[in-house]
Structure formats: C-alpha cells, structure tokens
Amino acid sequence: MNVFAEFQARIAQILHSFMAEGRLPGDLDLSRFVVEPPRDPSHGDLATNAAMVYAKEAKASFSNPREFATAIAYALAGDPDVDAAEVAGPGFINIRLRAHVFADVLRASLANSDYGRPATPDTKPVNVEYVSANPTGPMHVGHGRGAVFGDALANLLAFAGRKVTREYYINDAGAQVDVLARSAFMRYREALGEAIGEIPEGLYPGDYLKPAGQALAKAHGAALRDKPEAEWLPLVRRFAIDAMMDMIRMDLAAMNIRHDVFFSERSLTDNAERTDAVRAVIEDLRARGIVYVGRLPPPKGQLPDDWEDREQTLFRSTDFGDDVDRALMKSDGSYTYFASDIAYHKSKVDRGFTDMIDVWGADHGGYVKRMQAAVKAVSGGEAALDVKLCQLVKLMRGGEPVTMSKRAGTFVTLRDVVDEVGVDAVRFMMLFRKNDATLEFDLAKVIEQSRENPVFYVQYAHARGRSVMRQAKAAFPDLDLETGTLAGAPLDLLADEGEGALARLIAQYPRQIEAAAAAHEPHRIAFYLHDLASLFHSHWNRGKDQPHLRFVNEERRDLTLARVALVASLTSVLASGLGVLGVGAPEEMR
RNA sequence: GACCCCAUAGCUCAGCCGGAUAGAGCAACUGCCUUCUAAGCAGUAGGUCGCAGGUUCGAAUCCUGCUGGGGUCGCCA
C-alpha cells in the first residue's frame with residue numbers, strides 16, 4: 001500500500017472529471033504533477049502541486065492557481081480518507097489524512113511480506129553488469145564499491161519487480177592475461193625448485209600467484225618448463241585465469257555478492273562453434289555504413305611520444321552522440337577492447353535486453369559515450385544503456401589515510417577490509433554515499449558502536465525493536481507476536497505524536513523504493529533507513545522520561561499490543577530495506 | 001585542448017520529477033540521562049547552496065559561461 005501513489009491516482013481522477021466537464025482541456029498529461037510529503041509536517045500528510053503544474057491549461061476556467069487548487073481541494077474533501085484539504089502558498093494543496101489511513105498502512109506492512117513493492121510493478125527485464133574486475137589478481141577496495149553498488153542496485157530493481165540478470169564480464173582476452181600467464185609460469189618454475197629471484201618488471205609480482213604455480217607443478221611436473229612459450233602459454237593462461245576467477249568468486253562470496261552470468265570475453269572469438277562474434281558485429285555495422293577505414297585526428301594537448309598517423313577501422317560513433325569516431329581494429333588487424341565490448345553488448349541485445357546498466361569505475365568515464373553509442377547502433381536504437389560510475393574510495397583509519405603500495409607490501413585487498421570490519425559494515429558504508437561522489441571509508445569508525453557509525457545505528461534500531469518485542473512477550477506471555485496476528489491489533493490506540501511520525505515514515509517506504517529504483521540509486525534506501533532508525537531511537541528515548549510512552553505497558557495489554565504492532569512494522573521495514581542493501585538485520589547487538 | 005564527475009553550515013554529507021522558511025550527523029554552547037538493550041537524549045547557534053547570467057509564477061535542483069578540485073583522453077586493459 002502506497003498512499004502517495006494512491007492519491008496520485010485519486011487526484012488524477014479528479015482532474016479527469018474536470019476534463020470531462022470541460023473545465024480543463026481534454027489532452028492533459030496527468031503524469032506531470034507529484035504527491036509528496038510536505039517539507040513541514042505541520043502542513044499535513046500529503047502535498048500536491050497539481051494546481052500549479054496545470055495552472056496554464058486551467059486558465060480558461062480558473063483565473064489563478066489558488067482558485068484552481070480550491071476546486072481540487074473541494075473534491076478531495078469528499079474523500080473518506082481525507083480529514084482536511086487546504087490550499088496554501090501559491091497553490092499547494094495540503095492534505096491531512098484520517099488516522100485510519102496510517103493504521104491501514106501498518107496493517108498492510110504486517111499482513112504482507114511484500115510491503116514496499118510497487119502495486120503494479122514494471123516487470124521488464126534488465127541486465128545489470130557489475131564488478132568485471134580483470135582476472136589478474138585479488139579484488140581491491142575500489143572494485144568492492146562497484147561490486148556492492150551493482151549488487152544492491154540489482155536487489156533494488158528485483159524488489160521493485162524488475163526481472164534482473166546479474167552479469168560479470170570476464171576480460172580473459174587481450175594482453176593482460178598473457179602477462180598473467182607469464183607471471184604464473186614464473187611461479188611454476190619457482191615451485192619446481194628454481195631460484196627465480198625478483199619477478200621481472202612488467203609481470204605481476206603478487207604472492208597470490210604462488211598457489212597457481214604450485215598447482216601447475218603438481219599437475220604437469222617439469223613437462224612444461226623447457227617447452228617454447230607458444231606451447232605452454234594457452235594452457236597456463238587458461239589455468240591462471242581459472243585460478244584468479246576462483247579467487248575473485250571467493251572474494252565476492254565473502255561480500256554476499258552473486259551473479260547469474262559470468263560472460264567470457266574470450267568466448268566471443270574462441271568457442272566450440274568456431275564463430276567470431278566480434279567479426280560478425282563489425283561486419284553487421286559495416287553493412288549499415290557506420291564502419292569505415294580512416295584516420296583519427298591526433299589527441300589534443302599532450303601528444304603521445306609514439307604518435308603515428310595510421311589508417312584504422314573505425315566506428316562512426318559520432319552518429320550516435322560520441323565526440324570522435326572510435327577504433328575497432330588495431331593497426332596489426334586485431335580487435336580493440338572496444339570492439340569486443342560491442343560484441344558483448346550485442347549479445348545482451350540478442351538475449352532480449354533493451355534495458356541495461358553497467359557499473360564501472362570512475363576511471364572509465366571516458367568510455368560512457370562510445371558504449372552508449374554502440375548499444376544504440378547494435379540495437380537499432382531499441383536498447384538503452386545506463387552507466388553508473390563509482391568514484392574512488394579513500395581508505396582511512398582513525399582519520400589518517402591508509403597508505404597503499406603494492407611494492408611495499410601494504411596493499412590492502414578487499415578481503416583484508418572485509419575480514420577486519422565485517423561484510424555488513426563494508427556494504428552499508430559503500431552504499432551510504434551517492435555513487436558519483438568520492439567515498440571516505442574509515443576502518444576505525446565503522447566498528448564503533450555509536451551514533452556516528454551509521455551501520456551500527458541502523459542495525460541497532462532493528463535489534464532494539466526486536467528486543468522490545470521480546471520484552472512484550474515477557475510481560476504478556478500469551479501474546480501472539482506473529483505479524484499476521486499483530487495486523488489485527490487495535491491500532492487506533494496509537495495516539496502519540498511520535499508514534500504517528502513513525503507510521504508516516506513507514507508509509508513512505510514504497511515511494512522510496514520506487515524512486516530509488518527509477519533513479520538507479522540504492523543509496524537513497526540507506527539514507528531512508530537511517531532516518532527511520534533515528535526516529536525510532538528518539539521515540540524510544542522519550543520513554544525514559546515519560547514511562548507512559550514506553551512500548552510495553554504491563555497494565556495495558558491492548559495498548560502494548562498496538563505499540564508492538566507498530567514496532568513489528570518498523571522492524572519489518574528495516575529488515576526489508578537492509579535486505580535490499582544486502583546488510584544483515586540482527587536480533588541483538590553483541 | 002576536449003570530455004565526464006564534484007563544489008550545500010567549521011568538518012563529513014543528504015536534499016526525491018523545479019515547489020513553501022535549504023536538512024542530518026560530528027564539532028561548539030546549554031540542560032538532562034545509570035536505562036523496556038548500555039554504547040546516549042533534548043535544545044541553542046551556525047548557510048550569499050563556488051561565481052555570473054538565463055529559463056520559470058517559483059531554481060540548491062534545468063540551461064549557458066566562468067572559477068576551483070578529481071578523473072579520462074588513437075591501437076592501453
């Protein structure tokens with residue numbers, strides 16, 4: 001039950017009847033106005049700007065927005081859920097609802113575990129691609145942000161009703177996996193007892209390749225050692241990629257992140273069917289005249305030392321909104337990364353997705369336009385790509401930056417951070433900021449048990465709510481605290497202002513979900529939960545000075561029941577929202 | 001040189017599709033709190049929403065220009 005959506009519909013109905021009566025033009029777009037909570041709660045429960053939005057169109061019948069608003073307010077006053085509808089300011093309509101509406105909301109949230117989901121959800125499939133860290137080493141903290149963001153966004157969209165496919169693109173083609181293979185080969189020789197000394201410049205020096213080297217030695221003995229590189233490389237490469245992906249999958253599992261599809265870049269050109277999807281997509285675009293052989297102007301500003309003007313196979317991305325055309329083939333005839341990426345996104349289109357979201361690191365910002373151009377091109381304009389860029393994470397400890405250097409051995413992996421502060425803290429903090437703002441992550445702060453630590457604050461609200469329910473059970477052992485039973489509680493006994501405020505905020509959950517899903521912004525849910533927790537803590541504390549406000553009242557079973565129902569509704573919304581974020585909702589804090 | 005992101009209270013940040021007097025936490029000041037789960041609660045004070053224009057009945061929000069910070073910039077991954 002979403003009171004905002006409901007009143008949106010009712011007001012649209014009123015406007016519709018005005019249209020039928022000829023008081024408004026018949027072609028009004030009834031989706032332009034909003035119904036929202038007023039900034040100042042003393043104004044009422046709902047506010048709408050409808051009269052101002054359509055003031056121009058209403059001019060023939062109503063001389064000014066206030067007069068128009070008055071007419072709408074008059075119609076609203078007849079609604080059995082409306083206590084009062086008043087015109088304010090330049091033409092706002094403030095609506096005060098009767099108390100039973102919020103009781104209905106609480107009942108809905110208790111009776112239905114789906115509370116928060118849209119009543120008429122958009123069920124269109126959507127493909128969310130996230131993480132896509134190169135399979136050349138363990139995940140670092142920056143990957144973690146994109147991973148958590150993508151996972152929470154996927155959860156959010158799924159909760160909002162979308163059919164979500166979660167996807168990971170494995171960059172297992174290209175030069176960096178050859179470097180990986182050579183690095184693993186060094187570790188293989190090391191495992192065979194050879195003194196390899198320092199890992200040469202240009203190879204990956206990390207210890208994480210040692211197990212792969214040992215496993216290679218175990219599987220192949222010395223058989224590979226003296227073969228030419230061309231013979232061992234494909235084998236070692238495959239082996240090392242699998243080892244790295246296993247490691248990454250474990251890192252992801254430690255963060256409770258899952259994917260439905262792991263899509264291999266190499267499989268585009270190297271597969272059992274012997275097809276070349278990259279070539280196919282280039283030929284397809286060429287046939288439509290948007291691929292040509294030509295030259296690009298040199299980049300402005302700092303010219304690369306080795307700049308040479310060369311003919312290349314180019315994609316006419318400028319036709320689709322990009323700044324310059326982009327290369328599809330290197331001068332040696334091999335495909336660019338971008339070309340593979342087009343083929344990959346084409347596969348998404350071929351699998352039926354017209355709605356796709358990619359989650360990238362901020363350093364890939366320069367690729368957004370060309371990828372969106374490519375998606376438009378390969379789908380004939382049918383599909384749209386939204387790219388969410390996650391800005392950098394600045395890792396801190398007690399206000400001091402954590403220095404990171406691979407060489408000095410102080411490199412902090414994502415796994416290190418998760419092991420230190422726990423998965424809930426990592427996930428919540430990464431979501432407690434807009435994706436396009438840089439994030440300061442303080443390892444000391446997130447394990448504090450205080451108001452300053454939002455993870456603790458929100459989880460504690462849930463634990464405290466559950467505790468209240470346990471207390472109620474202790475006071476009235478015969479009380480049935482099943483949510484279904486609580487839905488029948490005498491909710492009209494909830495007369496205190498603090499209780500009303502909680503109910504009103506609980507009533508906002510569905511619209512928060514809807515707005516966050518539409519904007520692809522899971523952080524809004526984190527902030528909403530923080531607000532809800534804050535309101536609950538402060539109401540709970542009021543009970544210290546004013547015992548009559550306490551949730552459990554041993555003399556009043558009916559009142560306790562009503563208040564426990566409120567608490568149960570609150571904890572279920574907290575648990576639901578935390579679930580969307582992939583953060584635990586603990587029964588108690590330890 | 002171009003493109004992308006950011007700029008809101010002393011600090012860290014919210015601000016929903018343009019809406020009413022721009023919000024929260026920390027820090028500061030004042031008072032309270034030893035408990036239905038403790039690690040706090042209530043209040044006060046604090047802002048030219050980077051600058052300048054524009055659109056609009058109405059702009060922190062949209063558009064243009066500028067300033068400052070970050071990121072990226074042919075075949076790299």
Side-chain angles (χ1 to χ4, degrees), chain A residues 31-34 36-40 43 47 49 52-53 55-56 64-65 88-92 94 134 136 171 173-177 179 295-302 304 307-310 312-314 322-338 361-369 387 389 391-392 432-438 440 442 448-454 456-457 460 463-464 466-468 470-472 474-475 508 511-512 514-516 518-519 521 523-524 527-528 530-531 534 537-538 540-545 547 550-554 588-589:
Chain A
S31 65
R32 275 159 55 206
F33 71 98
V34 295
E36 56 190 355
R39 185 158 305 196
D40 184 344
H43 289 153
N49 61 355
M52 290 179 291
V53 169
K56 244 176 224 161
N64 61 57
F92 288 101
N94 291 324
N134 287 340
T136 55
N171 293 122
Q176 88 280 6
V177 285
V179 173
R295 294 165 190 277
L296 282 177
K300 297 281 174 9
Q302 189 88 40
W307 168 262
E308 273 180 69
D309 192 22
R310 283 177 181 157
Q312 291 170 293
T313 299
L314 299 169
D322 200 1
D323 306 312
V324 287
D325 292 339
R326 305 291 177 177
L328 295 173
M329 297 223 259
K330 302 178 197 175
S331 39
D332 67 4
S334 62
Y335 303 131
T336 63
Y337 181 87
F338 179 50
D363 54 341
H364 287 62
Y367 295 81
V368 175
K369 281 188 184 176
V387 179
L389 296 178
Q391 291 290 331
L392 301 174
F432 200 57
R433 186 106 321 167
K434 285 184 294 205
N435 61 288
D436 47 14
T438 54
E440 244 177 58
D442 197 312
E448 272 178 29
Q449 301 204 335
S450 75
R451 180 88 177 82
E452 275 189 74
N453 174 4
F456 168 77
Y457 195 66
Y460 181 42
R464 177 172 261 175
R466 299 297 295 171
S467 166
V468 168
R470 287 192 295 271
Q471 295 287 335
Q508 282 194 37
R511 77 185 287 274
Q512 293 286 347
E514 200 177 342
E521 289 181 351
H523 79 273
R524 295 193 198 191
F527 280 93
Y528 168 76
H530 193 257
D531 286 349
S534 177
H537 286 308
S538 86
W540 188 92
N541 275 286
R542 246 173 260 139
K544 282 199 299 190
D545 299 336
R550 296 186 180 185
F551 294 105
V552 178
N553 184 328
E554 301 198 358
E588 52 187 341
M589 303 304 281

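- Between B/rU8 and B/rG69, the two P atoms lie 15 Å apart (nearest whole Å).
- The partner of B/rA28 is B/rU44, by the rule that a Watson-Crick or G-U pair needs both atom distances under 3.5 Å.
- Between the side chain of A/N435 and the main chain of A/L389, a donor-acceptor pair closer than 3.5 Å is present.
- Residue contacts shown for A/S534 are absent, as no nucleic acid heavy atom lies under 4.0 Å away.
- Residue contacts shown for A/D363 are limited to sugar-phosphate atoms, with no base heavy atom under 4.0 Å away.
- A/D323 places its CG atom 7 Å from the P atom of B/rC3, with the value rounded to the nearest Å.
- Following rounding to the nearest Å, A/H364 (NE2) and B/rC73 (P) show an atom-to-atom distance of 9 Å.
- Each of B/rC3, B/rG19, B/rU35 was ranked by its minimum atom distance to the side chain of A/K544; first place goes to B/rU35.
- With hydrogens and angles disregarded, no donor-acceptor distance shorter than 3.5 Å links the side chain of A/R310 to the backbone of A/S331.
- Applying the 4.0 Å criterion to OP1 and OP2 of B/rG70, one finds that A/Q391 has every side-chain N and O outside that range.
- Comparing B/rU61 with B/rA9, their P atoms are spaced 15 Å from each other, to the whole Å.
- No contact: A/V368 has no heavy atom under 4.0 Å from any strand.
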Would you sort out whether A/Y367 and A/V387 count as a side chain to side chain contact (heavy atoms under 4.5 Å, CB included), showing the intermediate values? CA-CA 10 Å; A/Y367 295 81; A/V387 179; over 6 Å; no

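- Put simply, the side chain of A/N94 and the base of B/rA20 share a donor and an acceptor less than 3.5 Å apart.
- Between A/P38 and A/H43, the shortest heavy-atom distance links the atoms CB-CB, 3.9 Å.
- Rounded to whole Å, the distance from CD on A/E448 to P on B/rA38 is 18 Å.
- In this structure, B/rA38 makes no Watson-Crick or G-U wobble pair, since no nucleotide meets both defining distances under 3.5 angstrom.
- With rounding to whole Å, A/N435 atom CG is found 17 Å from B/rC4 atom P.
- Comparing the P positions of B/rA60 and B/rU48 gives an interatomic distance of 14 Å, to the nearest angstrom.
- Atom CZ in A/R542 sits about 18 Å away from atom P in B/rG40, given to the nearest Å.
- Neither OP1 nor OP2 of B/rC17 sits under 4.0 Å from any side-chain N or O of A/S31.
- Taking only side-chain nitrogens and oxygens, A/Y528 never comes nearer than 4.0 Å to OP1 or OP2 of B/rC16.
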For nucleotides 6-15 of chain B, list the nitrogen or oxygen atoms of the protein found under 3.5 Å from its nitrogen or oxygen atoms, one pair per line.
residue	atom	partner	partner atom	Å
B/rC13	OP1	A/R433	NH1	3.3
B/rC13	O5'	A/R433	NH1	3.1
B/rC13	O3'	A/R433	NE	3.3
B/rC13	O2'	A/R433	NH2	3.2
B/rA14	OP1	A/K434	N	3.2
B/rG15	OP1	A/H523	NE2	3.0

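- Under the 30°/60° scheme for interplanar angles, the aromatic rings of A/F527 and A/F432 are found to lie parallel.
- Residues A/N94 and A/A88 approach most closely at ND2-CB, 3.4 Å, considering heavy atoms.
- Residue A/E588 is classed as a base contact, given a heavy-atom separation below 4.0 Å to a base.
- More than 12 non-hydrogen atoms from other residues, nucleotides or ligands lie less than 6.0 angstrom from CD of A/E588.
- Nucleotides B/rA27 and B/rU44 are separated by 14 Å at their C1' atoms, to the nearest Å.
- One can place CZ of A/F33 at 16 Å from P of B/rG19, the figure rounded to the nearest angstrom.
- In this structure, CD of A/E36 is placed 8 Å from P of B/rA20, rounded to the nearest angstrom.
- Evaluation of A/H43 against the base of B/rA20 yields a stacking contact (centre distance < 5.5 Å, interplanar angle < 30°).
- The partner of B/rC3 is B/rG71, by the rule that a Watson-Crick or G-U pair needs both atom distances under 3.5 Å.
- Residue A/M52 is in base contact, counting any heavy-atom pair closer than 4.0 Å across all strands shown.
- Taking both residues in full, the closest heavy atoms of A/L314 and A/R295 are given as CD1-N, 4.1 Å, listed atom of the first, atom of the second, then distance.
- If you check B/rG50 for Watson-Crick or wobble pairing at under 3.5 angstrom, you find it paired to B/rC66.
- Taking the nucleotide of RNA chain B with the nearest heavy atom to each of A/A362 and A/H537, the more 5' of the two is matched to A/H537.
- Within the nucleic acid shown, A/S331 comes within 4.0 Å of at least one base atom, counting heavy atoms only.
- B/rG43 and B/rC26 have their P atoms separated by 13 Å, given to the nearest Å.
- A/A472 comes within 4.0 angstrom of no nucleic acid atom, judged by non-hydrogen atoms across all strands.
- Residues A/R433 and A/E440 fail the side-chain proximity criterion, which asks for heavy atoms closer than 4.5 Å.
- The residue among A/F338 and A/V468 whose nearest nucleotide of RNA chain B is located toward the 5' end is A/V468.
- When the P atom is compared between B/rG10 and B/rA28, the two are found 16 Å apart, to the nearest whole Å.
- Using a distance-only test at 3.5 Å, with no hydrogens or angles considered, no donor-acceptor pair links the side chain of A/D325 to the main chain of A/L296.
- Residue-level contact check: A/R511 touches the bases, meaning some heavy atom is under 4.0 Å from a base atom.
- What separates CZ of A/R326 from P of B/rG74 is a distance of 9 Å, to the nearest Å.
- Closest contact between the side chain of A/D40 and the listed nucleotides B/rU21, B/rA39, B/rA20 involves B/rU21.
- Judged purely by atom type and a 3.5 angstrom limit, A/H537 uses its side chain to pair as donor or acceptor with the backbone of A/Y457.
- With C1' as the reference atom, B/rG50 and B/rA45 are 25 Å apart, rounded to whole Å.
- Centre separation under 5.5 Å together with a plane angle under 30° does not hold for the ring of A/F551 and the six-membered base ring of B/rC36, so they are not marked as stacked.
- Between the C1' atoms of B/rG19 and B/rA38, the separation comes to 44 Å (whole Å).
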